[in-house]
Amino acid sequence: MNGPERSSSDEPQGDPWHSFGYITAGVGLYGLIGFLLDRWLGTHFLVAVGIIAGAAFGIYMTWSRFNKPHQPKQPPYDDKT
């Protein structure tokens with residue numbers, strides 16, 4: 001006996017640092033792009049647009065990564081029937 005079987009609720013759902021990394025990287029990257037475009041175009045609002053867009057993309061990446069449907073593990077295919 002290998003012990004009690006684990007249910008699907010016992011499996012880890014994902015590392016929360018991945019979501020933190022996605023959101024932080026999105027804010028940093030798109031904020032930097034907005035800042036550079038502000039300097040190049042002489043505007044003052046693109047950095048805020050970049051930060052908001054980066055946060056939105058980071059949240060979307062987090063949602064798409066952790067919202068995958070659970071697929072149960074299937075035994076390997078055995079064609080010896």
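In this chain, residues are counted from 1 in sequence order. Just so it is clear, the values below take in all heavy atoms, side chains as well, and ignore hydrogens, waters and symmetry mates.
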Task: Leu41 versus Leu46, closest heavy-atom pair with distance - done: CD1-CD1, 3.9 Å
Task: Ile33 CD1 to Leu37 CG distance, which is reported to the nearest 0.5 Å - done: 7.5 Å
Task: Rounded distance (nearest 0.5 Å) linking atom CZ of Phe66 with atom CG of Asp15 - done: 7.0 Å
Does one hydrophobic cluster hold both [X] and [Y], with members joined at side-chain heavy-atom distances below 4.5 Å?
X     : Y     : answer
Phe45 : Leu36 : no
Phe57 : Ile59 : no
Val27 : Tyr60 : no
Val49 : Phe35 : no

- [ ] With sequence neighbours excluded, tell me which residues meet ring pair (Phe, Tyr, Trp, His ring centres under 6.0 Å) with Trp17.
- [x] Phe20
TODO: Keeping the roles fixed (side chain from Ser19, backbone from Pro16), state whether a donor-acceptor pair exists under 3.5 Å.
DONE: yes
